[in-house]
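Throughout, protein chains are lettered first and strands after them, A, B, ... in sequence-line order, and every chain is numbered starting at 1. Reckoned from all heavy atoms, side chains included, excluding hydrogens, waters and symmetry mates.
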Amino acid sequence: MDYPIDTSGQFLAISSVLTGFSAIELQGTGSADAIWATATTIVGAPILGDLLTDCGELFEKSKDIDALEAAFAKRVIADPRYGPVAKNFIGAWYTGVWAALPSAWCDAYGASGSDGTFVISPTVYKSGLQWKAFGGTPRGGVPTGHGAWNRPPLTPINTNAPKP
Amino acid sequence: MSDPIVLKEEYDVVIVGAGASGSIVAHQLAKAGRKVLVLEAGRSTRDDEEGWASNVDTFHRAVAKVPNSAFPATQMAPQLDVLQFHNITPGVPDSSGYAVQHGPLPFGSDNNRSKGGTTLHWTGIALRMLPNDFRMQTQYGVGVDWPISYDDMKPYYELAEQELGVSGCVEEYLIPVKDKKKYWGDYQYPMKKMPQSYVDLRLKDRVDGLKLELGGDDYEVRVVPTPQARNSDPNPDYKDPVTGKRGFTPIGTQGDPLRGERCQGNSCCPAICPSQAKYSGLRSLNRAIAAGAKHGKPVTVRCQSVVSKVITDPVSGRVTEIEYITYEQVSYPPPQTFRVKANVFVISAHSIETAKLLLMSGIGNSSDQVGRNLMDHPTMLTWGLMPEPVYPFRGPAQTSAITAFRDGAFRKDMCAFVLPIDNWGWIWSSFSPEAYVGGAVGGGSFGRKLRQSVAHDVSRQIALQWEFEQLPDPGNRVTIDQKFLDPLGLPRPQIHYRVQDYTMRSMEQAMRLSAAIFKKAGITDFTRYQPSDVVYTEYKGNPYTYRGCGHIVGTHRMGKTRVDSVTDSWLRSWDHQNLFLVGCGAMPTWGTSNPSLTMSALAFRAAEAINKDLDKQTPKPR
């Protein structure tokens with residue numbers, strides 16, 4: 001499929017900052033193309049193109065991940081144009097669900113007829129980061145194997161409280 | 001609709017409903033060489049490997065993953081669904097779903113109208129009732145007695161546990177029964193206990209031995225492994241109740257006999273078991289079909305066939321014919337009506353549809369009990385965060401429970417209850433983990449902090465399910481009203497439902513007991529009930545929220561006399577001697593057992609009676 005924007009690397013890099021998972025972990029889910037294609041259809045190339053460009057600047061200017069997250073909080077998450085889109089990316093990566101964009105956002109930038117709340121695909125649901133984050137298994141997709149549920153997950157999970 | 005076409009083909013038995021109870025009856029009849037027709041209102045469920053995978057896909061595509069997600073209704077045969085339920089404004093029935101709910105409280109449980117029935121999405125918990133559950137009136141002066149006792153049911157429980165394939169450990173499943181030797185005999189379950197989850201084991205470590213007072217008596221908390229109809233390791237000590245042979249061969253995937261699997265921990269029981277390690281009615285139906293083929297009398301299963309009328313002979317009272325409507329999922333060809341004759345008729349369409357069909361046909365109701373005594377296990381949740389990670393959302397839905405309150409002297413004043421430990425965190429109380437993530441992201445959390453808070457909080461989530469007994473209440477009932485029709489022009493069920501003080505008193509006590517358990521375990525309590533919850537109610541000024549448990553019981557109860565019951569203890573209609581009403585609706589009371597195992601045991605009883613009746617009519621050639 002041809003997308004209006006070259007996604008190689010850029011979308012994964014942004015998603016990594018948004019989700020707290022490395023680009024390699026994200027690539028491993030196999031969900032990037034489906035999430036990006038959904039956003040392209042619903043949000044459209046101009047806004048996504050601007051998002052990639054502006055985020056590219058943030059990457060260049062930020063010296064480390066702490067600075068990058070601070071910049072994203074201000075310039076992406078809190079931004080009226082990018083914020084709802086970025087939150088939808090996070091939701092899609094974590095839960096596999098694209099959520100209908102807020103009505104205020106649609107008033108400002110227009111609503112696509114394809115927008116709505118839906119599961120992007122069974123695969124994207126099963127690869128959801130919400131499960132990987134705490135060591136659970138997606139419902140009906142990636143079983144533990146018989147009896148393995150009686151001990152902690154094989155992959156260690158850092159379950160300490162997040163830094164304030 | 002055109003005039004009915006009368007089928008030339010006649011049958012020994014016509015069975016209405018291809019769920020577990022109908023399928024078990026079909027199997028037992030097919031083994032005896034009977035010619036059987038099974039009519040199913042909903043669609044024919046694919047259970048070959050590829051087809052089953054497509055059902056799993058259907059589940060995954062649902063945004064709100066609820067029990068019916070993998071098996072949606074057809075337009076023509078709607079079903080109750082948990083997404084249809086709302087709190088009811090007094091005096092304003094809620095007709096937005098398939099059932100019209102009159103309240104005062106909504107009936108919160110769903111069923112499934114497909115080949116395989118509601119066992120397509122049951123949790124698979126397979127508990128026998130306790131001896132006192134059968135004699136509530138005699139023992140505690142409440143409810144009614146069954147016409148039969150636990151001892152009468154015991155051999156049928158053994159047959160049902162074999163049919164369903166139950167995993168469990170008699171020695172470890174502690175229950176409040178005085179004479180355990182008499183209760184179990186030398187019985188062993190077909191398969192070994194389902195391994196308890198890490199959640200269960202961490203909780204067990206913290207609360208086992210805690211003494212709790214209820215009704216002036218002390219009860220000891222023990223987290224014990226729950227018997228369930230899900231494949232684990234076969235038990236070499238199991239003794240086949242029919243042949244006496246040792247050992248057990250589990251049945252797994254239908255489509256591929258080489259892939260019969262133990263439970264893989266797909267974390268998905270109440271919607272669909274991807275590995276088919278959990279029993280569904282499809283297993284019994286496939287056995288029925290195989291038995292029919294072996295005897296040269298094929299068991300015919302016809303889906304998308306909604307039974308609309310049961311026709312009786314006014315003189316003899318016997319059922320002569322059944323009328324059913326077939327439909328397509330497109331507008332052409334239009335629905336077509338058929339009539340079919342048989343010797344014996346079985347209605348096994350689950351509690352609500354069975355009652356509805358009797359009422360629609362104006363039959364079987366000389367006792368005025370049809371549709372009455374509808375019951376559920378109102379289920380209250382209490383939830384919190386464990387002081388350490390317990391890693392929920394892995395393994396089957398429930399592997400353990402606290403069973404101490406399944407029986408006791410308190411039952412003269414308030415109901416019994418059982419506390420399954422939920423393996424899936426706050427999924428039922430607050431749609432975790434999706435809603436947790438949604439809430440955090442909506443609040444502006446992202447990146448490493450988001451990941452870390454999901455890891456910290458969701459890994460500690462724990463919930464107790466408080467499943468409360470309900471007593472038969474004639475006002476809790478299914479009725480029909482010609483003003484409310486489904487797309488085939490048949491009446492939709494009207495449901496009248498409330499929760500008695502007998503149950504509310506235990507809910508009130510449960511809040512105190514929950515606090516004590518949480519304190520002992522070091523659980524931080526996050527339980528919160530609010531008026532926007534479905535189902536929200538108040539008792540003595542305090543808020544309570546409970547859910548339907550998917551346990552739909554009552555509506556055609558059996559009894560000792562035709563005055564106060566719909567069938568005899570063999571599930572034979574008092575009014576129509578060749579009509580059998582099989583299913584959860586037959587149970588007069590049911591304590592704290594999930595109903596499917598008892599329902600299956602009763603199906604074996606009914607099948608035995610039907611075979612005897614047919615033998616009397618047509619003596620077997622020697």
Side-chain angles (χ1 to χ4, degrees), chain A residues 16-21 65-66 68-69 72-73 76-78 83 86-88 90-91 94-97 99 116-119 121-126 128-153 157-164, chain B residues 56-57 59-63 65 70 194-201 232-233 261-268 271-275 277 388-389 391-396 399 423-425 427 433-434 436-438 441-442 444-460:
Chain A
S16 172
V17 180
L18 291 173
T19 61
F21 282 77
I65 181 69
D66 290 333
L68 198 52
E69 281 187 347
F72 263 65
V76 180
I77 298 291
K87 287 177 181 177
N88 260 17
I90 303 171
Y94 268 76
T95 70
V97 172
T117 300
F118 56 89
V119 175
S121 79
T123 312
V124 176
Y125 168 79
K126 284 185 277 187
L129 302 178
Q130 60 183 349
W131 312 105
K132 295 181 191 358
F134 70 90
T137 54
R139 301 182 64 198
V142 189
T144 60
H146 185 72
W149 52 79
N150 73 354
R151 48 189 184 272
I157 308 288
N158 177 3
T159 57
N160 298 323
K163 278 184 228 148
Chain B
V56 176
D57 254 19
F59 169 72
H60 283 145
R61 284 181 198 283
V63 173
K65 292 181 168 53
M194 190 59 56
Q196 290 174 278
S197 71
Y198 190 66
V199 179
D200 301 340
L201 297 174
S232 71
D233 296 333
E261 282 179 347
R262 298 177 297 175
C263 169
Q264 295 300 299
N266 268 291
S267 259
C268 191
I272 183 168
C273 177
S275 65
E388 60 179 324
Y391 302 107
F393 293 94
R394 298 177 316 130
T399 40
N423 278 341
W424 302 345
I427 195 169
E434 278 85 353
Y436 180 92
V437 171
V441 175
S445 181
F446 73 100
R448 293 172 301 169
K449 193 178 161 202
L450 171 66
R451 179 178 185 172
Q452 207 52 52
S453 65
V454 173
H456 178 270
D457 289 355
V458 182
S459 68
R460 286 166 170 79

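Nearest heavy atom pair, residue A/Arg151 against residue B/Arg394, reads O-NH2, 2.6 Å. When all heavy atoms are compared, the tightest approach of B/Ala455 to A/Ala133 is CB-O, 3.2 Å. Taking both residues in full, the closest heavy atoms of A/Gly140 and B/Pro274 are given as CA-CG, 3.7 Å, listed atom of the first, atom of the second, then distance. For the residue pair A/Phe134 and B/Pro392, the shortest heavy atom distance occurs at CE1-O, 3.5 Å.
Under the side-chain hydrogen bond (donor to acceptor under 3.5 Å, both in side chains) criterion, B/Asp233 pairs with B/Arg262, sequence neighbours left out. For the side-chain hydrogen bond (donor to acceptor under 3.5 Å, both in side chains) test, no residue two or more places apart in sequence or in another chain qualifies with A/Asn88.
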Would you please test B/Phe59 and A/Arg139 for side-chain contact (heavy atoms from CB on, under 4.5 Å) and show each step?
CA-CA 9 Å; B/Phe59 169 72; A/Arg139 301 182 64 198; 4.0 Å; yes
List the steps, then state whether side-chain contact (heavy atoms from CB on, under 4.5 Å) holds for A/Trp149 with B/Cys263.
CA-CA 11 Å; A/Trp149 52 79; B/Cys263 169; 3.7 Å; yes
Please evaluate residues A/Val119 and B/His60 with respect to the criterion side-chain contact (heavy atoms from CB on, under 4.5 Å), reporting the C-alpha separation (whole Å), side-chain torsions for both, the decisive distance (0.1 Å), and the verdict.
CA-CA 8 Å; A/Val119 175; B/His60 283 145; 5.6 Å; no
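No other option in B/Ser459, B/Cys268, B/Pro433, B/Cys273 has as many heavy-atom pairs under 4.5 Å with chain A as B/Pro433. Ranked by heavy-atom pairs under 4.5 Å with chain A, the list B/Gly444, B/Gly447, B/Ser453, B/Gly442 is led by B/Gly447. In terms of non-hydrogen atom pairs under 4.5 Å with chain B, the most contact-rich of A/Thr117, A/Asn160, A/Thr95 is A/Asn160. When each of B/His456, B/Glu388, B/Arg460 is scored by its heavy-atom pairs under 4.5 Å with chain A, the top score falls to B/His456. Note: B/Val437 leads B/Asp457, B/Asp200, B/Val437 in heavy-atom pairs under 4.5 Å with chain A. By number of non-hydrogen pairs under 4.5 angstrom with chain B, the leading residue of A/Gly135, A/Ala148, A/Pro138, A/Gly145 is A/Gly145. With chain B as partner, the option from A/Gly147, A/Ala161, A/Gly91 having the largest number of non-hydrogen pairs under 4.5 angstrom is A/Ala161. Contacts with chain A were tallied for B/Gly265, B/Gly395, B/Ala62; B/Gly265 has the most, counting heavy-atom pairs under 4.5 Å.
Only the side chain of B/Leu201 comes within less than 4.5 Å of a heavy atom of chain A; its backbone N, CA, C and O stay farther away. Residue contact with chain B, scored on non-hydrogen atoms closer than 4.5 Å, involves the side chain of A/Ile90 exclusively. Looking at B/Pro389, only its side chain comes within 4.5 Å of chain A, counting heavy atoms on both sides. For B/Ala277, no part lies near chain A; criterion is any non-hydrogen pair under 4.5 Å. Proximity to chain A (any heavy atom under 4.5 Å) is restricted, for B/Val56, to the side chain, taken from C-beta onward. For A/Ile65, the parts lying under 4.5 angstrom from a heavy atom of chain B are both the backbone and the side chain. For A/Lys132, no part lies near chain B; criterion is any non-hydrogen pair under 4.5 Å. Contacts of B/Val441 with chain A are made by both backbone and side-chain atoms, with heavy-atom separations under 4.5 Å. Contacts of B/Gln196 with chain A are made by backbone atoms alone, with heavy-atom separations under 4.5 Å and no side-chain atom involved. Residue contact with chain B, scored on non-hydrogen atoms closer than 4.5 Å, involves the backbone of A/Thr19 exclusively. Interface remark: B/Ser232 contributes backbone and side-chain atoms alike to the contact with chain A (heavy atom separation under 4.5 Å). With a 4.5 angstrom heavy-atom cutoff, A/Ala73 touches chain B via backbone and side-chain atoms both.
A distance of 7.0 Å separates CZ in B/Arg451 from OH in A/Tyr94, rounded to the nearest 0.5 Å. Rounded to the nearest 0.5 Å, atoms CZ (B/Phe446) and NZ (A/Lys87) are 10.5 Å apart. In this structure, OG1 on A/Thr159 lies 8.0 Å from CD on B/Gln452, to the nearest 0.5 angstrom. How far OG1 of A/Thr137 is from CH2 of B/Trp424: 9.0 Å, rounded to the nearest 0.5 Å. Note that CG of B/Asp57 is 12.5 Å distant from OH of A/Tyr125, once rounded to the nearest 0.5 Å.
A salt bridge links A/Asp66 to B/Arg448: one of the charged nitrogens lies within less than 4.0 Å of a carboxylate oxygen.
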